[in-house]
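Computed from a predicted model, the values in this text were never measured in an experiment. Here is the naming used below: chain letters follow the sequence lines, and residue numbers restart at 1 for every chain.
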Amino acid sequence: MSMGSSAQLRRLKPLYQLVVNNILAIVAVPLAAAVLLRAASLGPEEILARALALRPAHMFLCAFLPAAATVLYLMLRPRAVYLVDYACFRTNPNCRVPFATFLEHSRVWPGFDERSVRFMTRLLERSGLGEETCLPYAQHYIPPSRDLESSRAEAELVIFSAIDDLLAKTGVSPQDIDILVVNCSLFAPTPSFTDMIMHRYGLRKDVRNVHLAGMGCSAGLISVELARNLLQVAPRGARALVVSTETITPNYYMGKERAMLLPNCLFRMGGAAALLSTDGAGARFRLAHVVRTLRGASDSAYHCVYQEEDDRGNVGINLSKDLMNIAGDALKANITAMGPLVLPASEQLLFALSFIARKVLNNRIKPYIPDFRTAFEHFCIHAGGRAVIDELQRSLTLSDEQVEASRMTLHRFGNTSSSSLWYELAYIEAKGRMRRGDRVWMIGFGSGFKCNSAAWECIRPAANADGPWANCIHRYPVHIPDVLKH
Amino acid sequence: MVFEQEQEEVTPGAVHGYRLSTVVPSSVTGEVDYALADADLAFKLHYLRGVYYYPPGDVARGLATKVLKDPMFPWLDDYFPVAGRVRRAEKDAEAAADGAPRRPYIKCNDCGVRIVEAKCDRDMDEWLRDDAPDRLRQLCYDKVLGPELFFSPLLYVQITNFKCGGLALGFSWAHLIGDVPSAVTCFNKWAQILSGKKPEATVLTPLNKPLQGQSPAAAPRSVKQVGPIEDHWLVPAGRDMACYSFHVSETVLKKLQQQQGRHAAAAGTFELVSALVWQTVAKIRGGDVDTVTVVRTGAAARSGKSLANEMTVGYVASAGSSPAKTDVAELAALLTKNVVDETAAVAAFQGDVLVYGGANLTLVDMEQVDVYALEIKGLRPVHVEYGMDGVGEEGAVLVQPDADGRGRLVTAVLPRDEIDSLRAALGSALQVA
């Protein structure tokens with residue numbers, strides 16, 4: 001195709017989008033005009049005569065059927081679920097771990113050999129993490145403690161401060177909470193975290209509480225979906241508290257397998273609490289869609305992120321080498337499911353046409369990649385690692401500004417697992433980029449292999465930059481070099 | 001399950017149960033470089049070891065490790081060079097020519113200060129009464145810089161809990177980063193933050209620059225040239241060195257002052273006490289202690305920088321007669337008037353030197369250092385002793401104020417086999433007449 005014609009096509013695209021996205025209006029207006037003209041031409045007496053000539057049965061059906069259909073639709077459609085507010089755990093400078101300290105600890109403790117330390121150094125340099133990420137108190141020891149008491153202490157610190165923050169923001173009392181969903185993948189003591197929260201805050205006796213363990217880094221959105229489903233059958237106006245966190249203390253890998261050292265370098269302390277409700281009063285976001293894609297049926301996807309023991313009996317999480325490919329496939333499957341729900345008609349039509357063209361005409365025609373920027377203003381991509389964000393930026397053709405929230409969250413907080421999406425949302429709001437009506441796409445990846453995404457629509461942006469980014473947002477965005485030499 | 005390094009064989013009464021952790025500055029320092037002055041590099045082979053003893057009681061009971069650690073984060077924001085690590089300058093054309101090791105500097109990478117937690121199954125009173133030589137070493141983590149400079153902390157803080165509830169804080173400070181007054185002020189500031197007070201601002205400017213002058217051809221008489229030192233900054237003395245502390249009471253001081261007689265040039269307490277020790281050591285060694293190196297605080301000469309090596313270094317030669325046979329009063333007079341100042345020469349000298357115990361017995365004046373000001377939540381230490389590591393065979397003597405300020409506490413760093421002789425020889429001298 002010549003340059004001239006593709007430039008012309010680009011200029012025509014907005015017009016095309018306008019037409020196709022508003023096709024109903026474009027068709028309805030002339031139709032209504034035609035009907036009115038016809039009615040006008042017939043005259044009022046003629047219309048009245050025709051109306052009276054109708055049989056009562058037909059009149060009844062004419063009135064009743066649409067009304068019944070409307071009522072049934074209104075009653076049976078799912079209740080809208082709103083995000084009243086959310087709060088992230090604010091990290092404490094007392095838990096800060098600079099690169100130099102992390103590497104020195106690995107070096108000083110004899111359990112890591114020279115090769116492992118060199119590997120971790122190279123990893124950290126290219127990881128995209130900054131110097132302010134935090135590890136729990138127990139991991140500042142050489143060697144780190146992994147005992148149960150320290151793990152509980154970390155979980156309590158993170159979860160309780162996030163919930164305290166959230167309750168203060170929303171003004172909701174613990175007694176008003178009807179549903180409690182907590183997800184923490186790698187640490188699930190008895191009694192569960194939900195019971196721990198009940199104990200601390202004195203929740204009601206009839207709270208529906210569920211703890212999701214082992215669901216990986218994408219569990220944040222799984223909890224949201226579970227809360228949404230429970231809200232459909234709870235009384236109207238019920239409130240659901242969703243807490244996402246990951247406890248790092250018990251999971252420090254103390255062996256020599258390189259594939260299992262990666263989580264040590266990337267995972268950091270973090271957590272978030274969100275309040276969902278079917279009552280939209282005072283809510284800040286509306287949950288539009290949640291799409292979950294599971295690839296566990298395939299062998300390679302299942303073993304992609306696998307917790308196991310190494311030769312010496314050290315437990316760690318083994319990340320396979322084709323993690324990126326599997327993530328890419330899972331993402332494609334997820335977008336394919338999400339696309340029809342969120343894309344405007346113009347994009348869907350183009351995609352359908354290109355699909356048909358590929359099938360019918362010629363398989364070598366490039367598939368049309370829908371432009372998701374027409375569906376969303378903001379993107380929150382799980383800050384799993386630099387490679388994950390790079391890969392998604394490439395496949396979704398996103399600009400640097402659109403992945404900025406993910407990159408900066410990775411820099412400031414590290415990989416906080418399931419709560420990273422909430423830190424990214426907090427970044428966008430702290431930067432003042434959120435407007436009423438903006439749509440947000442949260443994409444989470446995790447073991448399984450699972451790719452989960454959620455679409456939100458903003459009703460009311462945050463009033464100020466208060467939150468985990470409060471004292472550092474003015475320093476962001478920062479430029480993150482490819483290799484951080486130090 | 002807590003991972004113990006290995007099952008330790010615990011000698012009854014010994015300090016055991018070491019747990020290491022790290023404290024870093026609370027904000028990002030930004031990878032700046034802290035240049036070391038020539039004076040700093042002159043002292044790089046020495047390590048200050050100071051122990052503060054706090055009595056048992058309610059206050060000490062409330063001092064959990066976390067309570068002690070929390071104020072260290074903002075403290076290190078002010079003293080960020082202390083949290084850095086030693087690096088050597090990048091190779092450049094001039095340095096490569098003479099093949100000398102490249103100039104060290106501190107990379108302020110926020111690596112942090114090492115905290116050591118330990119336990120002792122004895123009561124603190126008993127421990128102090130025992131007067132064991134080298135008890136300092138058990139309460140201060142005795143590491144030095146190197147063999148891996150990249151990963152060697154400049155400061156270790158050991159928190160030892162005694163069975164009775166008493167607490168000992170042991171500081172291991174690399175002399176490189178600052179002299180005794182700098183170190184003590186630094187620790188005092190931490191205690192001020194802990195008690196909720198706002199300490200004075202830390203002054204780290206003007207930046208250190210290498211001296212431009214000519215290096216003396218030979219090492220100054222006060223110090224001994226060693227090395228060249230590669231990356232392990234410790235010159236082991238040929239003999240096993242130990243620190244031994246003893247108290248010089250006010251009465252003994254008065255007696256010494258009265259004995260000055262015709263030398264009533266009013267020698268200060270430092271001169272009197274160190275003269276006494278000089279004479280005693282000379283007697284033990286049977287001569288050969290004709291010259292001593294004197295290191296003094298010299299408050300007037302200080303620039304006001306919070307981290308600096310600004311102590312004056314000089315030597316005194318006993319004219320003619322052996323110090324063993326000379327009066328304490330005469331030696332004290334020598335120490336007052338005949339000190340040959342070599343501070344500038346020591347700093348300018350380019351080789352690696354041992355200042356303390358290198359060339360001669362070294363007398364260190366710590367009189368003007370307020371060691372008892374390290375009050376933790378209003379709790380004053382009952383006893384403080386400062387020793388030194390990396391001291392040469394000739395030995396060192398540190399004179400500091402005691403708990404009520406009227407007597408003196410002396411720590412002698414000498415070869416282990418001289419300690420008993422010293423104890424015996426001093427025994428009579430320290431008795432009140």
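To the nearest 0.5 Å, atom OG of residue Ser26(B) and atom CD of residue Glu132(A) are 9.5 Å apart. Between Leu20(B) atom CG and His105(A) atom NE2 the span is 8.5 Å, to the nearest 0.5 Å.
Only the side chain of Arg107(A) comes within contact range of chain B, with at least one heavy atom under 4.5 Å from a heavy atom of that chain. Heavy-atom distances place no part of Phe102(A) under 4.5 Å from chain B, backbone and side chain included.
Residues of residues 185-193 of chain B never come closer than 4.5 Å to chain A when only heavy atoms are counted.
Remark: Cys472(A) pairs with Arg412(A), Trp469(A), Arg475(A), Tyr476(A) by the side-chain contact (heavy atoms from CB on, under 4.5 Å) rule, at least two apart or across chains. Take Asp58(B) and apply the salt bridge (Lys or Arg N to Asp or Glu O under 4.0 Å) test, not counting sequence neighbours, and it matches Arg61(B).
Atom CD of Glu308(A) is surrounded by more than 12 heavy atoms from other residues, nucleotides or ligands within 6.0 Å. Residue-environment remark: NZ (Lys256(A)) exceeds the threshold of 12 foreign heavy atoms within 6.0 Å. The environment of NE2 in His199(A) is sparse: at most 12 heavy-atom neighbours from other residues, nucleotides or ligands sit within 6.0 Å. Summarising the local packing, NZ of Lys305(B) is surrounded by more than 12 heavy atoms from other residues, nucleotides or ligands at distances under 6.0 Å.
Residues Cys111(B) and Glu104(A) come closest through the heavy atom pair SG-OE1, 3.3 Å. When all heavy atoms are compared, the tightest approach of Arg96(A) to Ser27(B) is NH1-O, 3.0 Å. The two residues Phe73(B) and Pro93(A) come nearest to each other via the heavy atoms CD2-O, 3.9 Å. Closest of all the heavy-atom pairs between Asp110(B) and Thr101(A) is O-OG1, 3.3 Å.
Partner of Pro98(A) under the side chain to side chain contact (heavy atoms under 4.5 Å, CB included) criterion, out of Val24(B), Val28(B), Thr29(B): Val24(B) alone.
Applying the side-chain hydrogen bond (donor to acceptor under 3.5 Å, both in side chains) test to every pair with at least one member in residues 258-272 of chain A, sequence neighbours left out, gives these pairs: Thr133(A)-Arg268(A).
Using a 4.5 Å cut-off on side-chain heavy atoms (C-beta onward), Lys69(B) and Asn94(A) make no contact. By the 4.5 Å heavy-atom criterion applied to side chains, Lys66(B) and Tyr137(A) are counted as neighbours.
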